[in-house]
Amino acid sequence: MEKQLVNAIQDEYAEEFAWCYGCGRLNKEGHQFRTAWDGEETVTLYEPKQAHTAIPGFVYGGLIASLVDCHGTGSASLALHRKNGYEPGSGEEPPRFVTASLHVDYLKPTPHGVVLKAVGNVEEIHPKKFKVAVKVYADEALCATGEVAAVVMPASFAK
């Protein structure tokens, strides 16, 4: 990978909310996406496994959708955590988000064998709802764009 992300928001999620197949650190079978700040944008880096093949040489589109989805909810969590006066690593548990809507546009086939980079820009549209525009790159090539509407997880999801 091009660099190791430190202070990813998913590292801070409470254990009961760290099982997502896409970004759950406790789901050993999952992707374990990690999202962090890179200036005012968010970033997730991920190197697809061989099993994530659509056709030889190219990444399966479902993986791209999963990356956009989890990057979006992680980005929303980062944004609200910062708005609340905290950063990952501060010791405060961050808010957890769920996906209200997901849209992905595939611009070109995504080559296999390179690190994917999801870059997000977050816009608050309601105190409990955020919109995240995501771009997915393979090396320097823009392969997909997406938009996630993420909402703060309802308290009823908690134990």
Side-chain angles (χ1 to χ4, degrees), residues 1-14 17-27 30-48 52 59-90 92-108 110 114-158:
M1 287 201 176
E2 58 187 65
K3 67 179 177 178
Q4 183 70 7
L5 297 177
V6 294
N7 293 327
I9 197 70
Q10 292 87 349
D11 297 343
E12 308 288 325
Y13 289 163
F17 304 122
W19 294 94
C20 172
Y21 187 80
C23 64
R25 73 179 184 281
L26 299 177
N27 188 332
H31 304 306
Q32 299 184 342
F33 298 136
R34 299 175 73 246
T35 307
W37 286 112
D38 184 12
E40 294 301 310
E41 296 180 320
T42 58
V43 64
T44 296
L45 303 173
Y46 188 75
E47 188 166 1
H52 301 134
V59 176
Y60 163 62
L63 175 75
I64 304 299
S66 184
L67 176 59
V68 169
D69 183 16
C70 288
H71 183 74
T73 57
S75 296
S77 184
L78 280 167
L80 184 55
H81 201 45
R82 181 173 274 178
K83 180 181 176 187
N84 290 339
Y86 307 109
E87 294 293 333
S90 68
E92 297 293 325
E93 187 176 315
R96 187 68 167 88
F97 280 74
V98 293
T99 305
S101 69
L102 169 66
H103 179 87
V104 180
D105 288 313
Y106 300 93
L107 306 177
K108 61 173 57 175
T110 303
V114 298
V115 173
L116 303 182
K117 181 178 183 179
V119 177
N121 287 289
V122 184
E123 174 187 353
E124 183 176 358
I125 54 177
H126 181 275
K128 293 185 179 183
K129 188 173 185 180
F130 289 73
K131 180 172 66 174
V132 184
V134 179
K135 293 180 180 179
V136 178
Y137 298 88
D139 282 333
E140 299 299 317
L142 179 61
C143 296
T145 60
E147 184 176 280
V148 176
V151 294
V152 174
M153 184 169 26
S156 63
F157 281 28

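Counting all heavy atoms, side chain and backbone alike, Ala138 lies closest to Val114 at CB-CG2, 3.7 Å. In plain terms, the two heavy atoms of Ala65 and Leu102 that are nearest each other are O-CD2, 4.1 Å. The minimum heavy-atom distance linking Gly72 with Ala150 is given by the pair O-CB, 4.5 Å. Of all heavy-atom pairs between Cys23 and Arg96, the closest is SG-NH2, 4.0 Å. Closest approach of Ser90 to His81, counting heavy atoms only: OG-NE2, 4.1 Å. For the pair Asn27 and Cys20, the tightest heavy-atom approach, listed with the atom from each and the gap, is CB-O, 3.8 Å.
The aromatic rings of Tyr46 and His31 sit perpendicular, their planes meeting at an angle over 60°, well past the 30° parallel limit.
From Lys117, atom NZ reaches atom NE2 of His71 across 10.0 Å, with rounding to the nearest 0.5 Å. Between the OG atom in Ser77 and the CD atom in Glu93 there is a gap of 9.5 Å [rounded to 0.5 Å]. One finds the CG atom of Leu45 at 9.5 Å from the CG atom of Leu67 (value rounded to the nearest 0.5 Å). Summarising the geometry, atom OG1 belonging to Thr145 is positioned 4.5 Å from atom CG belonging to Leu107; distances are rounded to the nearest 0.5 Å. Distance check: Leu78 CG to Lys83 NZ gives 15.0 Å after rounding to the nearest 0.5 Å. With values rounded to the nearest 0.5 angstrom, Arg34 atom CZ is found 11.0 Å from Ile9 atom CD1.
Counting only heavy atoms from C-beta outward, the side chains of Phe33 and Ser66 approach each other to under 4.5 Å. The side-chain heavy atoms of Asp11 and Pro88, taken from C-beta on, include no pair separated by under 4.5 Å.
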*asked:* Could you go through Thr44 and Thr35, starting from their C-alpha distance and side-chain angles, then the distance that decides it, and tell me whether this counts as side chain to side chain donor-acceptor pair (under 3.5 Å)?
replied: CA-CA 5 Å; Thr44 296; Thr35 307; 2.8 Å; yes
_Verdict with supporting geometry, Phe97 and Leu80, side-chain contact (heavy atoms from CB on, under 4.5 Å)_ = CA-CA 10 Å; Phe97 280 74; Leu80 184 55; 3.8 Å; yes
*Quick one: do Asp38 and Val119 satisfy side-chain contact (heavy atoms from CB on, under 4.5 Å)? Show the steps, please.*
CA-CA 9 Å; Asp38 184 12; Val119 177; over 6 Å; no
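Of the possible polar contacts, none joining the Gln10 side chain to the Ala18 backbone as a donor-acceptor pair under 3.5 Å is found. In this structure, the side chain of Glu87 does not engage the main chain of Arg82 through any donor-acceptor pair within 3.5 Å. At distances below 3.5 Å, at least one donor-acceptor pair connects side-chain atoms of Arg25 with backbone N or O atoms of Tyr13.
In the model, Thr99 has no side-chain atom that pairs as donor or acceptor with a side-chain atom of Thr73 under 3.5 Å.
In summary, of the residues considered (His126, Lys128, Lys129), a side chain to side chain contact (heavy atoms under 4.5 Å, CB included) with Val151 occurs for Lys129 alone.
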